[in-house]
Protein chains: 2
Amino acid sequence: MPQKSARPRPDADSAPTQERHTAPAGDLVYQEVKARILDHRLEGGALISEGDIAAELQVSRTPVREGFVRLQAEGWMTLYPKRGALIRQAGPNEARDVVEARIVVESHAVEAITTSGHGQEVADELRELIRTQSEALDAGNHDDFAEIDADFHQHIVLRAGNGLFIDFFDNLKDRQRRMSARSVWKSSEKAETVLAHHRELADLIAAGDVVGFKQRLGTHLNEVHHRLLP
Amino acid sequence: MPQKSARPRPDADSAPTQERHTAPAGDLVYQEVKARILDHRLEGGALISEGDIAAELQVSRTPVREGFVRLQAEGWMTLYPKRGALIRQAGPNEARDVVEARIVVESHAVEAITTSGHGQEVADELRELIRTQSEALDAGNHDDFAEIDADFHQHIVLRAGNGLFIDFFDNLKDRQRRMSARSVWKSSEKAETVLAHHRELADLIAAGDVVGFKQRLGTHLNEVHHRLLP
DNA sequence: AATGTACAACTTGTATCTATGTTGCGTTCA
DNA sequence: TGAACGCAACATAGATACAAGTTGTACATT
C-alpha cells in the first residue's frame, strides 16, 4: 500500500512552473567544483574541505555538502567522515576502460540506428555537424572544435534512443574530458585527421556497415588517445 | 596550478581509519527510501517531502536532504524547488532499454572474458553459482534464488573487469529489480527453466561462443520478462 | 456564474549552532 | 633517543532556525 498516496503532483516529470532567477547555491558548488576537477585545477588525490569551498564561493557549508554528495554519487570524489573530501584519482585502467566502453556503446548505437532504418538520416545529420566543425577549425575556434567533436559522438548515442546509454555516455564524456583536458587541437593537421575520420565514420553509418564502424572507431579513438598521452 | 595543493592525504582511495559503530543517518535515509522505491512502497509519480521522511525516520531534514540528492543523482527522483521530491516513473521504454543495455553489456563482457582466455575459469565459477542457486530452490528459499540469479549476471560483468561497466550494470540491476519486484519464482517449473538457461549460457562461455551467448541471453531475458509483464 | 485576489499552509534553501570524531604535535616520561 | 600521552586545531554530522517560494482555497468583485 502506498505510503501516503501523494498530494497533487506536478504531472509526471514536467518542468518546474517557474524558472529561477538566482542559481541555487548547491548547483553552483556542484558545477564549479566539477569544472575544477575536469580541468585539473583540482588534481586527483587532493583532499579538500567543505569550509574551504564554502569560504571561497561565499556560501554556507550546507550547499557545499549538497554539491559534494552529488559529486561523490557520480564518482568524482570520496567523502571521508570527519576528514574531508578526496578527489578521486583517474585510476590506471580508466583510459582503457573509457575507450572500451565508448566503442561498445557507440557501435551498438550504430547497429540500432541502421537496423531501424535511420542510417542515412543520421549520417546526414553527422555530416552537418562535421561541416560546422570544419568551419570552427577554419575560424581558429579551437574550443568550439573540441566541443563539436564531442557532440559528434554523442549525437550517435542520442539518436539510438536508449536513455540509459545516453546517461552513461554523458559520464564517459566527462571522464574523457578530464583525461584529455590538457591537450588542444592546435595543430590543424591533427584536426584535419579527426575530421577525416569522422567523415569515414559517417559514411560507414550511411552504408550500414556496423563492423566497419566498430573497427574504424577503435582506431580513431586509439589514435587520438596516443597523441595525447605519450 | 593546484588550488591549495592539499594537506596530507589518506593514501589514495584507502578506507577510513576507523569503522563507524552507528550507521550514518544520511545512508539510512538513502537506503530506506531507495528500498521503498524499488519494492513499490513508493510508487512512481508520488510526491514526497523531506519533512515526512524526516519525521518517519526520526532524523532531521539535513540527512534526508543528503539522501534525496543522492537518489536524484542516480535518477530515482526529481527534486522540484519548494515543491517536493517526485519519484520518477519507470518510463514507457525503460523495460526495453534495460534489456537492450543488459544484452550489450553482458555480451561484451563475455567477449572480453573469452578473448583474454578466461572463459573456462569463469564458466566454472558460474556453474558453482548455479549449483548454489539450485540448492536454494530445493530449500524453497525464493529470496536467495532471486538474489543468486542477479549475481549470476553480475558476475559475468564483474569478471570482465571494466569498472565503468560494473557501475553501470549496478544501475541496470536496480532498475530491473524495480520492474520485476512484484513477481517471485514461486513456480519451480519456471525456476528450473531459468536454471537451464543459465547452464546453457555458462556452456556457451566455456565454448567461447560470443554470438551464441548473445542470442541465448536475448531469448532468456525476453522470456523471463514476458512472464512478468503479461 | 466566472474571475481575480489575498492569505494560510506547506515546502524547500540556506545559515548557523552544537556535538563529536580525527589528526598532528608538543610534552613528558622511561 | 624514542614511545606514549594529552590537547588544541580542524573537519564533518546532524539539528534547528529562519527566510522565501508555491499552491490551493476562501472570498470579494464583476
Side-chain angles (χ1 to χ4, degrees), chain A residues 3-12 14-33 42 46-73 77-87, chain B residues 3-12 14-33 42 46-73 77-87:
Chain A
Q3 200 61 6
K4 195 187 172 181
S5 104
R7 307 163 241 128
R9 64 187 172 79
D11 196 26
S14 70
T17 312
Q18 176 90 13
E19 284 181 33
R20 293 185 63 104
H21 291 148
T22 68
D27 289 358
L28 171 79
V29 171
Y30 168 76
Q31 287 168 357
E32 176 62 25
V33 175
L42 277 173
L47 187 61
I48 62 179
S49 74
E50 294 176 1
D52 292 347
I53 302 295
E56 199 175 345
L57 267 44
Q58 305 268 9
V59 296
S60 80
R61 279 180 39 231
T62 307
V64 175
R65 166 144 276 262
E66 182 178 319
F68 278 21
V69 168
R70 283 180 67 182
L71 290 166
Q72 178 177 53
M77 49 171 60
T78 303
L79 266 27
Y80 289 105
K82 319 276 185 181
R83 299 266 288 106
L86 182 75
I87 311 296
Chain B
Q3 200 61 8
K4 195 186 172 181
S5 104
R7 307 166 239 126
R9 67 187 171 78
D11 194 25
S14 69
T17 311
Q18 177 89 13
E19 284 182 34
R20 295 185 62 105
H21 290 151
T22 68
D27 289 358
L28 171 79
V29 171
Y30 169 76
Q31 287 169 359
E32 177 61 25
V33 175
L42 277 173
L47 186 61
I48 63 179
S49 74
E50 294 175 1
D52 292 346
I53 302 295
E56 200 175 345
L57 267 46
Q58 304 269 11
V59 296
S60 80
R61 276 181 46 224
T62 307
V64 174
R65 168 148 273 263
E66 181 179 319
F68 277 21
V69 168
R70 284 180 65 182
L71 289 166
Q72 177 176 53
M77 49 172 60
T78 304
L79 267 26
Y80 290 106
K82 316 279 186 181
R83 299 269 287 105
L86 182 75
I87 311 297

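Every value quoted in this text rests on a predicted model; they were computed, and no experiment measured them. Convention: sequence-line order gives letters A, B, ...; per-chain numbering from 1.
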> What integer distance in Å separates I53(B):CD1 from dA15(D):C1'?
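The answer, rounded to whole Å, is 18 Å.
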> dA15(C) P sits how many Å from Q58(A) CD, rounded?
10 Å
> Among the nucleotides dT12(C), dT20(C), dG14(D), which one has an atom lying closest to any side-chain atom of S49(B)?
dT12(C)
> Would one find a side-chain N or O of S60(A) under 4.0 angstrom from OP1 or OP2 of dA15(C)?
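So the side chain of S60(A) is within the cut-off, an N or O lying under 4.0 Å from OP1 or OP2 of dA15(C).
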> Between F68(A) and P63(B), which residue's closest nucleotide on DNA chain D lies nearer the 5′ terminus?
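Going by which nucleotide is closer to the 5' end, it is F68(A).
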> If you compare all heavy atoms of A73(B) against all heavy atoms of A73(A), which two are closest, and at what distance to 0.1 Å?
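Looking at all heavy atoms of both residues, the closest pair is CB-CB, 3.9 Å.
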> Provide, to the nearest angstrom, the distance between the CG atom belonging to L47(B) and the P atom belonging to dT12(C).
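Between P of dT12(C) and CG of L47(B): 8 Å.
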> Let me know the distance between CG of L86(A) and P of dT12(D), rounded to the nearest Å.
13 Å
> Side-chain N or O of R83(A) versus OP1/OP2 of dT23(C): is the shortest distance under 4.0 Å?
yes
> Using atom CG of D52(B) as one end and atom C1' of dA9(C) as the other, report the distance to the nearest whole Å.
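Atom CG in D52(B) sits about 14 Å away from atom C1' in dA9(C).
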> Can you name the closest pair of heavy atoms from L47(A) and L86(A) and give their distance?
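For L47(A) and L86(A), the tightest heavy-atom pair comes out as CD1-N, 3.7 Å.
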> Figure out the CD/P separation between E50(A) and dA15(C), and round it to whole Å.
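Going from CD in E50(A) over to P in dA15(C) covers 13 Å.
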> May I have the distance from M77(A) (atom CE) to dT12(D) (atom P), rounded to whole angstrom?
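After rounding, the gap between these two atoms is 11 Å.
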> Which heavy atom of G67(B) sits nearest a heavy atom of V29(B), and at what distance?
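Looking at all heavy atoms of both residues, the shortest contact is CA-CG1, 4.2 Å.
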> Of the candidate nucleotides dG21(D), dA19(C), dT16(C), which contains the atom at the shortest distance from the side chain of K82(B)?
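So the side chain of K82(B) is nearest to dG21(D).
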> Below 4.0 angstrom from OP1 or OP2 of dA15(C), is there any side-chain N or O of R61(A)?
no
> Heavy atoms, side chains only, cut-off 4.5 Å: are L57(A) and V64(A) in contact?
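When only atoms from C-beta onward are counted, V64(A) and L57(A) do not touch, as no gap falls below 4.5 Å.
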> Among the candidates dT12(C), dT14(C), dT12(D), find the nucleotide nearest to the side-chain atoms of P24(A).
dT14(C)
> Do you know which two heavy atoms are closest between E66(B) and G26(B), and how far apart they sit?
OE2-CA, 4.1 Å
> Rounding to a whole Å, what distance do you find between L79(A):CG and dT22(C):P?
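So the two atoms are 15 Å apart, to the nearest Å.
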